[in-house]
K.L.:
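Encoded as structure tokens, here's the structure I'll be asking about.
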Amino acid sequence: MSALVSQADLEAMFTAERVAEVFCVQTVTGATTGVVDSTPLTMAIRMGSAEAERVIMGAYGSSFPYTADTCPDTLKQLVGVLVMHQGVLRRPDCMAKPDKSPYFEAWKQARADLKDLREGFQRLSTTDLPANVGGQVSNHNPTTSQPFFFVADSTGSGGFNSGSF
């Protein structure tokens with residue numbers, strides 16, 4: 001798994017000041033330095049990328065067509081929000097309260113958009129043949145046996161209700 005965004009991507013999307021605000025070094029007293037702490041930023045990028053891959057890839061694994069190479073801007077746009085939300089969640093005022101994050105609504109929308117990507121891939125093309133085309137069906141009944149029906153004939157005799165089965 002690779003990181004789908006970088007610090008430069010986040011700064012381009014949210015400004016360097018906002019990224020520094022979310023991922024700044026905190027002193028023991030809770031004061032911030034305004035300098036990006038690379039450890040939580042790196043972890044948030046890994047977790048945001050993993051979350052995006054978990055939502056869109058599912059069982060497809062490496063065969064999924066939406067990767068950082070095939071649609072980088074789409075994934076960066078969505079993963080950037082996931083990373084910023086992940087960064088805010090490490091703050092004491094947002095721990096165990098994800099809805100207090102200023103990125104919470106954008107995070108929900110990003111996850112929904114990632115799910116839409118996955119579902120869009122799941123829709124089969126009208127030109128692709130299903131994997132089971134060309135199979136054979138075999139009948140193991142002897143060719144001399146007559147089919148048996150549980151319905152009466154035109155005279156009303158036979159069938160399920162006559163007891164002749």
K.L.:
Look at Arg18 together with Glu11 and state whether they make a salt bridge at an N to O cut-off of under 4.0 Å.
P.N.:
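Salt bridge between Arg18 and Glu11, a charged N being under 4.0 Å from a carboxylate O: no.
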K.L.:
Within the 4.5 Å heavy-atom criterion, are Pro102 and Val88 side-chain neighbours or not?
P.N.:
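The answer is yes; the side chains approach within 4.5 Å.
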K.L.:
Counting only heavy atoms not in Met43, do more than 12 fall under 6.0 Å of its CE?
P.N.:
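No.
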K.L.:
How many angstroms lie between atom CD1 of Ile45 and atom CE of Met84, to the nearest 0.5 angstrom?
P.N.:
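Nearest 0.5 Å value for the CD1-CE distance: 10.5 Å.
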K.L.:
Mind listing the closest non-hydrogen atom pair of Val81 and Trp107 along with its distance?
P.N.:
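Where Val81 meets Trp107 most closely, the heavy atoms are CG1-N, 3.5 Å.
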K.L.:
Gly87 and Val22: which non-hydrogen atoms are nearest, and at how many Å?
P.N.:
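Smallest interatomic distance, heavy atoms only, reads C-CG1, 3.6 Å.
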K.L.:
Which heavy atom of Leu114 sits nearest a heavy atom of Leu78, and at what distance?
P.N.:
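Looks like CD2-CD1, 3.7 Å.
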K.L.:
Can you check side-chain contact (heavy atoms from CB on, under 4.5 Å) on Leu4 and Glu53, steps first, answer last?
P.N.:
CA-CA 9 Å; Leu4 298 175; Glu53 288 184 1; 4.2 Å; yes
K.L.:
What heavy-atom pair brings Arg90 and Pro40 nearest, and what distance separates the two atoms?
P.N.:
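Shortest heavy-atom contact: NE-CB, 3.4 Å.
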K.L.:
For the CG atom of Leu75 and the CG atom of Leu82, what is their distance to the nearest 0.5 Å?
P.N.:
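One finds 10.0 Å between CG of Leu75 and CG of Leu82.
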K.L.:
Check step by step if side-chain hydrogen bond (donor to acceptor under 3.5 Å, both in side chains) holds for Asp113 and Gln109.
P.N.:
CA-CA 6 Å; Asp113 291 347; Gln109 184 61 50; 2.8 Å; yes
K.L.:
Fit a plane to each ring of His85 and Phe104, take the angle between them on a 0 to 90° scale, and name the class: parallel (under 30°), tilted (30 to 60°) or perpendicular (over 60°).
P.N.:
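His85 vs Phe104 ring planes: tilted.
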K.L.:
When rounded to the nearest 0.5 angstrom, what distance separates CG in Leu41 from SG in Cys24?
P.N.:
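Atom-to-atom, Leu41:CG and Cys24:SG are 11.5 Å apart.
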K.L.:
Does the side chain of Pro98 reach to within under 4.5 Å of the side chain of Leu89, using non-hydrogen atoms?
P.N.:
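Pro98 reaches Leu89 side chain to side chain.
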K.L.:
With sequence neighbours left out, write down each residue that passes salt bridge (Lys or Arg N to Asp or Glu O under 4.0 Å) with Asp9, or none if nothing qualifies.
P.N.:
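Only Lys76 meet the salt bridge (Lys or Arg N to Asp or Glu O under 4.0 Å) criterion with Asp9.
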K.L.:
Please give me the minimum heavy-atom distance between Phe23 and Ala44, naming the atom from each residue.
P.N.:
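Minimum heavy-atom contact is CE2-CB, 3.5 Å.
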K.L.:
If we only count heavy atoms from C-beta on, is the Asp99 to Lys97 side-chain gap below 4.5 Å?
P.N.:
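Asp99 reaches Lys97 side chain to side chain.
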K.L.:
To the nearest 0.5 Å, what is the distance between OG1 on Thr42 and CE on Met47?
P.N.:
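Interatomic distance, Thr42 OG1 to Met47 CE, rounded to 0.5 Å: 11.0 Å.
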K.L.:
What's the shortest heavy-atom distance between Ala20 and Gly34, and which atoms?
P.N.:
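So the two residues come closest at CB-O, 3.5 Å.
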K.L.:
Between atom CD of Gln86 and atom OG of Ser101, what is the distance when rounded to the nearest 0.5 Å?
P.N.:
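Taking CD in Gln86 and OG in Ser101, the distance rounds to 10.0 Å.
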